[in-house]
2 protein chains.
Amino acid sequence: MPKTSQAAGLHRASLAKLHDLDAALELMYYGWRGMTLEADDYLARQGLSRPHHRILYVVARRPDIAIGALIEILGISKQALNRPLNLLLERKLLTSKRSPEQHRSKLLRLTAAGHRIEQRASDHERKVMRQAFERAGASGTAAWMAVMEAIADNN
Amino acid sequence: MPKTSQAAGLHRASLAKLHDLDAALELMYYGWRGMTLEADDYLARQGLSRPHHRILYVVARRPDIAIGALIEILGISKQALNRPLNLLLERKLLTSKRSPEQHRSKLLRLTAAGHRIEQRASDHERKVMRQAFERAGASGTAAWMAVMEAIADNN
DNA sequence: GTTCTCATGTCAACTATATTGACTTGAGAA
DNA sequence: TTCTCAAGTCAATATAGTTGACATGAGAAC
């Protein structure tokens, strides 16, 4: 696990702008950093990191999800999922049980402790977003979401 | 180097929303992915990846930057910079020379080939942003930037 | 009832990106 | 001549991911 994460390169560096859209590229970069910084620090103090949070986040929103479906959503291989998932099971932040009828797949659920950590980590991120949206007002928030959807759906 | 990057977990996954701000968290995640996807594919075809692009991006905007200053801006350790930087020098995408007076530090510059790759990779990202901004109009763009600045500056 | 399929689990080897710590080198300054 | 400081290098470690190969165990098909 990483130490506490040095506030690294947070400058919003004073780089010359070669293109008018350079500011937008940098805002995406530093925006992602800004949103995840405190959450990552919190997770590191729990001995966890971003992949663990992604697992907790998805399972919280899809209780009784099977492992195959989780792999699909996370977009990583079974083997890559294995380690962080087992850590979460060992730490009893997740439980896995086979369903009575579909005995083939294992169903994942958060424990109370898992819910608590997922919530606190996500709360750090939501706090950042809430403050930004408060300053921007309802129309600014709607505009932000519209732009982000256009960017996200650029597949 | 990674292969071609499987379009992984691109679902904009249909997860139940536990909080009203969950959509915003997911938009940040998929937005970052959407912006960087094509650029990363292009870079992978050149045998490069995101850290190499970050180096090229910064040096393009700060010609004659010293290695220490670059480390500062990137927020990584000297040792972590070493490998990708040496690759870029070997490939002659960067040049390093000592300055006449300040002979202690090395000054980095892009070669023509380095400029070309930096530009093409960044162009993929700018293209995504430009399309999103065109749909959103000038006021939507301004609102997006204001929100992102608030998020980024949450340090 | 044996065989086929399929979800899951696990082992090994590899790559990439990062870290810290300990050192060297070489130039400039005191 | 010694001290400082930027840069370079080596080793060990952690994390996050990959592919390939193979085991297990349950359900379904024949």
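Each chain gets a letter, A, B and so on, in the order its sequence line appears, and its residues count up from 1.
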Among [options], the nucleotide that comes nearest once only the side chain of [X] is considered:
X	options	value
B:Gln79	D:dG17, D:dA11, D:dA7	D:dA11
B:Asn86	D:dT9, C:dT8, C:dA18	D:dT9
A:Asn82	C:dT8, D:dT9, C:dT10	C:dT10
A:Ala80	D:dG17, D:dA7, D:dG8	D:dG17
B:Ile67	C:dA18, D:dA16, D:dA7	D:dA7
A:Arg54	D:dA16, D:dG17, C:dT17	D:dG17
A:Ser77	D:dT19, C:dT19, D:dA7	D:dT19
A:Ile76	D:dT18, D:dA7, D:dC22	D:dT18

Task: Geometric class of the B:Phe133/B:Trp144 ring pair [parallel <30°, tilted 30-60°, perpendicular >60°] - done: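 If you compare the ring of B:Trp144 with that of B:Phe133, the planes turn out perpendicular.
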- [ ] Find the distance between OG (B:Ser105) and CG (B:Asp64) and round it off to the nearest 0.5 Å.
- [x]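 The OG atom of B:Ser105 sits 10.5 Å away from the CG atom of B:Asp64.
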Between [N] ([atom2]) and [X] ([atom1]): distance, integer Å:
X	N	atom1	atom2	answer
A:Leu70	C:dG9	CG	P	11 Å
A:Arg83	C:dA12	CZ	P	12 Å
B:Leu74	C:dT19	CG	P	10 Å
A:Ile71	C:dG9	CD1	P	9 Å
A:Leu88	C:dG9	CG	P	14 Å
B:Lys97	D:dA7	NZ	P	15 Å
A:Leu89	C:dT8	CG	P	13 Å
B:Leu87	C:dA18	CG	C1'	17 Å

Open item on the list: Which is more 5' along DNA chain D, the nucleotide nearest B:Ser96 or the one nearest A:Leu81? Just name the residue.
Closed with: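 Its nearest nucleotide lies further toward 5', so the answer is B:Ser96.
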TODO: Indicate yes or no: does B:Asp20 engage A:Arg126 in a salt bridge with an N to O separation below 4.0 Å.
DONE: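 No, this pair does not count.
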- [ ] Could you tell me whether B:Arg50 and B:Glu125 make a salt bridge, using a distance below 4.0 angstrom between a side-chain N and a carboxylate O?
- [x]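 A salt bridge links B:Arg50 with B:Glu125.
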TODO: Answer yes or no: does a side-chain N or O of B:Lys106 lie under 4.0 Å from OP1 or OP2 of D:dG8?
DONE: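 Yes, such a contact exists.
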- [ ] Please report the C-alpha distance between B:Leu108 and B:Ile55 in whole Å, then the side-chain angles of each, then the deciding distance to 0.1 Å, and finally whether the side-chain contact (heavy atoms from CB on, under 4.5 Å) criterion is met.
- [x] CA-CA 10 Å; B:Leu108 300 172; B:Ile55 295 170; 5.8 Å; no
